[in-house]
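Report on the structure given below.
Order of the sequence lines fixes the chain letters, A, B, ..., with proteins taken first and strands second; residue numbering starts at 1 for each chain.
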Amino acid sequence: DTGVSQNPRHKITKRGQNVTFRCDPISEHNRLYWYRQTLGQGPEFLTYFQNEAQLEKSRLLSDRFSAERPKGSFSTLEIQRTEQGDSAMYLCASRTQQGGTNEKLFFGSGTQLSVL
Amino acid sequence: QKEVEQDPGPLSVPEGAIVSLNCTYSNSAFQYFMWYRQYSRKGPELLMYTYSSGNKEDGRFTAQVDKSSKYISLFIRDSQPSDSATYLCAMSYSSASKIIFGSGTRLSIRP
């Protein structure tokens with residue numbers, strides 16, 4: 001499978017715990033994005049990387065959220081001290097910068113987080 | 001006010017009907033316009049994209065952009081039950097900027 005891979009697919013945690021999600025983008029893609037989606041809403045932008053550099057982070061993103069892409073390949077998204085409002089689908093997407101086209105963004109199947 | 005507005009539906013039509021899905025937006029700086037389809041418990045997949053105003057056709061799908069009205073549309077001809085999904089409009093300011101999504105319209109095609 002050469003698509004965007006996200007793990008785990010589901011995560012149930014108790015309020016106050018820390019959680020970490022992993023995303024493996026398509027191998028030749030140098031741009032990686034994290035989005036959050038709640039039921040009945042479209043994906044909401046969280047942050048994105050070009051290679052290992054984090055280029056933009058949403059102002060809506062609490063400082064409990066942190067993302068890394070240490071070697072410009074896979075990425076992790078960590079949420080500290082989880083709250084019930086963090087319950088959502090966390091989507092990762094990637095694209096290549098080649099040609100400067102923005103439209104071909106490939107999404108993974110997401111990690112569904114439930115905070116009890 | 002959200003930057004991108006989309007009627008959440010649900011929209012239910014009989015098989016074979018023409019479906020019209022629409023979005024409005026507030027910021028005239030948007031240049032790239034996209035439509036994504038999302039099945040339950042899956043990530044969105046790109047259906048159509050257009051740059052600036054105009055029409056684009058791909059099989060049974062036609063995307064239209066009217067920048068003067070800040071209005072975009074997706075038409076689906078000869079709709080099939082397999083088209084049942086949530087359709088998300090999306091747009092961005094430039095080829096390098098983040099993509100901003102509408103809230104999605106849930107579509108159901110009745111056999």
Side-chain angles (χ1 to χ4, degrees), chain A residues 1 3-7 9-10 21 23-26 30-50 53-61 88-114, chain B residues 2-11 21-25 29-52 54 56 58 61 63 65 72 74 85-107:
Chain A
D1 186 5
V4 178
S5 176
Q6 291 190 246
N7 287 288
R9 288 297 310 277
H10 304 275
F21 311 139
C23 172
D24 288 272
I26 295 171
N30 63 343
R31 289 200 173 202
L32 185 149
Y33 300 74
W34 285 99
Y35 282 82
R36 175 173 62 190
Q37 186 175 26
T38 53
L39 198 63
Q41 298 298 314
E44 175 190 26
F45 171 78
L46 294 178
T47 188
Y48 91 92
F49 293 83
Q50 180 169 309
Q54 189 173 17
L55 296 188
E56 187 174 350
K57 186 175 175 180
S58 169
R59 287 173 294 172
L60 301 175
L61 203 60
M89 174 77 82
Y90 289 84
L91 292 162
C92 177
S94 70
R95 73 168 184 90
T96 178
Q97 191 182 2
Q98 186 177 13
T101 54
N102 194 28
E103 70 282 359
K104 295 190 184 301
L105 193 63
F106 294 88
F107 281 86
S109 292
T111 295
Q112 181 65 53
L113 173 66
S114 298
Chain B
K2 289 185 178 180
E3 286 189 278
V4 181
E5 298 280 357
Q6 186 174 7
D7 188 334
L11 181 62
L21 303 169
N22 311 293
C23 283
T24 59
Y25 61 94
F30 285 127
Q31 295 288 335
Y32 293 82
F33 303 91
M34 292 141 273
W35 286 94
Y36 282 79
R37 178 174 62 195
Q38 186 173 26
Y39 292 112
S40 181
R41 288 185 289 277
K42 295 287 188 181
E45 59 177 325
L46 180 69
L47 274 179
M48 300 284 287
Y49 73 89
T50 52
Y51 169 70
S52 194
K56 186 169 184 177
D58 184 1
F61 298 90
V65 175
I72 69 171
L74 177 71
T86 296
Y87 289 79
L88 299 155
C89 64
M91 45 200 79
S92 64
Y93 302 109
S94 74
S95 63
S97 63
K98 62 181 182 279
I99 295 175
I100 298 170
F101 287 84
S103 57
T105 298
R106 193 151 50 98
L107 173 66

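Within a 6.0 Å sphere centred on NZ of K57(A), other residues, nucleotides and ligands contribute more than 12 heavy atoms.
Of all heavy-atom pairs between G42(A) and L88(B), the closest is CA-CD2, 3.8 Å. The shortest heavy-atom contact between Y35(A) and I99(B) is OH-O, 2.8 Å. Nearest heavy atoms, L91(A) versus P44(B): CD1-CD, 4.0 Å.
With a 4.5 angstrom heavy-atom cutoff, P8(B) does not touch chain A via any of its atoms. Contacts of Q6(B) with chain A are absent, with no heavy-atom separation under 4.5 Å from either backbone or side chain. Using a 4.5 Å cut-off between heavy atoms, F106(A) does not touch chain B at all. For E56(A), the part lying under 4.5 angstrom from a heavy atom of chain B is the side chain only.
Note that CD of Q38(B) is 7.5 Å distant from CE of M89(A), once rounded to the nearest 0.5 Å. If you take NZ on K98(B) and CD on E44(A), they are separated by 11.0 Å, rounding to the nearest 0.5 Å. Taking OG of S103(B) as the start and CD of Q37(A) as the end, the distance is 10.0 Å to the nearest 0.5 Å.
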